[in-house]
Amino acid sequence: MSEVFEGYERQCCELSANLSRKCIAASVLDGEKEAKILEIKAGVDEAETLIRKMDLEARSLLPNVKAALLAKLREYKSDLNNLKSEVKRIESSNASLAARDALLESGMVDALTASADQRGRLMMSTERLNHSSDRVKDSRRTMLETELGVSIFQDLHQQRQCLLHAHTTLHGVDDNIRKSKKGLTNMSRRMSRNKWIIGTIIAVLVPCHHFDFVLQAF
């Protein structure tokens, strides 16, 4: 299940970086800006869908892994909100496109300032992409640590099963010993009873035999 989350995360990072580049392009685009904005909005919707899938996948994992992944999701949601704000800014600037064009024609817009702004946005996009790559690496490391923990847990579970089986076997042996002891006790009692009966018979027969011997002597 961690591989599923990692797949969603990789798609989300790539989509986020792509949307950042499109926002930079749309901010300096003169024509067809509406089409570019619609394309960016579609990408934002796709990113939201991926984040929802990541959220569902993270909540299905072990508690310690789930907590780490949900923390990462909060960062992705924050990045997505920043993209939405950027789209709104582009839409707002598009609404005043006529005034902007008039300013450009009159030479009131400083081309160097615009170029610096573009460089700043590009650097921001690159930094966001680097952060996304770091999150993917952290997720992979968490997955490996989780797999190790699951392996240890499985080993402990197998050892517990072996101990339970040994306990059951010993319990069966103990039952057999108790049954054997009970049988020996019963046999001892029967032997004692038989000895008593034999002794009684002997005690009765011996006087009778002595009396017959006396009668034969007369």
Side-chain angles (χ1 to χ4, degrees), residues 1-61 65-143:
M1 288 187 288
S2 297
E3 292 181 357
V4 174
F5 183 91
E6 184 180 354
Y8 289 147
E9 186 178 26
R10 185 164 49 251
Q11 294 179 40
C12 187
C13 291
E14 293 174 355
L15 182 59
S16 177
N18 187 32
L19 289 174
S20 297
R21 289 192 292 268
K22 288 182 178 180
C23 285
I24 294 174
S27 64
V28 298
L29 191 65
D30 290 332
E32 301 181 356
K33 181 173 288 190
E34 287 292 340
K36 182 63 69 174
I37 291 175
L38 291 176
E39 184 179 349
I40 294 172
K41 285 184 174 181
V44 169
D45 292 339
E46 184 180 352
E48 287 182 332
T49 300
L50 283 172
I51 288 177
R52 283 195 295 270
K53 291 180 179 180
M54 291 164 67
D55 184 77
L56 291 174
E57 183 66 22
R59 294 180 187 279
S60 66
L61 300 175
V65 180
K66 178 174 67 176
L69 295 184
L70 289 179
K72 292 179 181 295
L73 275 176
R74 286 192 290 271
E75 297 180 8
Y76 287 122
K77 290 177 181 178
S78 177
D79 290 343
L80 185 60
N81 289 332
N82 291 335
L83 281 173
K84 289 180 179 179
S85 299
E86 182 66 12
V87 173
K88 290 181 179 180
R89 188 197 66 78
I90 295 173
E91 285 183 309
S92 177
S93 64
N94 190 45
S96 58
L97 182 60
R100 176 178 175 275
D101 289 340
L103 290 174
L104 286 173
E105 290 177 359
S106 62
M108 295 180 64
V109 174
D110 190 347
L112 294 177
T113 302
S115 178
D117 184 64
Q118 293 173 22
R119 287 196 300 270
R121 295 184 187 281
L122 182 58
M123 292 176 62
M124 184 183 299
S125 176
T126 302
E127 183 178 359
R128 185 182 292 116
L129 182 59
N130 291 335
H131 286 321
S132 299
S133 299
D134 291 339
R135 284 196 291 266
V136 171
K137 293 179 181 178
D138 291 340
S139 177
R140 185 182 297 275
R141 183 171 59 254
T142 301
M143 181 186 68

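Start at 1 with the first residue, then count along the sequence.
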For Lys84, which residues count as a side-chain hydrogen bond (donor to acceptor under 3.5 Å, both in side chains) partner, sequence neighbours excluded?
Glu48

Which atom pair, heavy atoms only, marks the closest approach of Ile90 to Cys23?
CD1-O, 3.4 Å

Between atom CD1 of Ile51 and atom CG of Leu15, what is the distance when rounded to the nearest 0.5 Å?
9.0 Å

Between Ala26 and Ile40 the two heavy atoms that sit nearest each other are CB-CD1, 4.0 Å

Any heavy-atom pair between the side chains of Tyr76 and Leu80 that's under 4.5 Å?
no

How many angstroms lie between atom OG of Ser85 and atom CG of Asn81, to the nearest 0.5 angstrom?
6.5 Å

Below 4.5 Å, heavy atoms only, C-beta onward: do Lys72 and Glu9 meet side chain to side chain?
yes

Quick one: closest heavy-atom pair of Leu83 and Ser20, and the distance?
CD2-OG, 3.8 Å

Ion pair check, Arg89 and Glu86, cut-off under 4.0 Å:
yes

Would you compute the distance between atom CD of Glu46 and atom OG of Ser16 and round it to the nearest 0.5 angstrom?
12.0 Å

Exercise: identify the closest heavy-atom pair between Phe5 and Leu69
CE2-CD2, 3.5 Å

Answer yes or no: is there a side-chain heavy-atom contact under 4.5 Å between Asp45 and Thr49?
no

Compare all side-chain heavy atoms of Leu73 with those of Leu70 and state whether any distance is below 4.5 angstrom.
yes

Not counting sequence neighbours, which residues clear salt bridge (Lys or Arg N to Asp or Glu O under 4.0 Å) with Arg59? List them please.
Asp55

Straight-line distance of Glu6 CD to Glu57 CD, nearest 0.5 Å:
11.5 Å

Could you pull out all residues at least two apart from Lys41 that satisfy salt bridge (Lys or Arg N to Asp or Glu O under 4.0 Å)?
Glu91

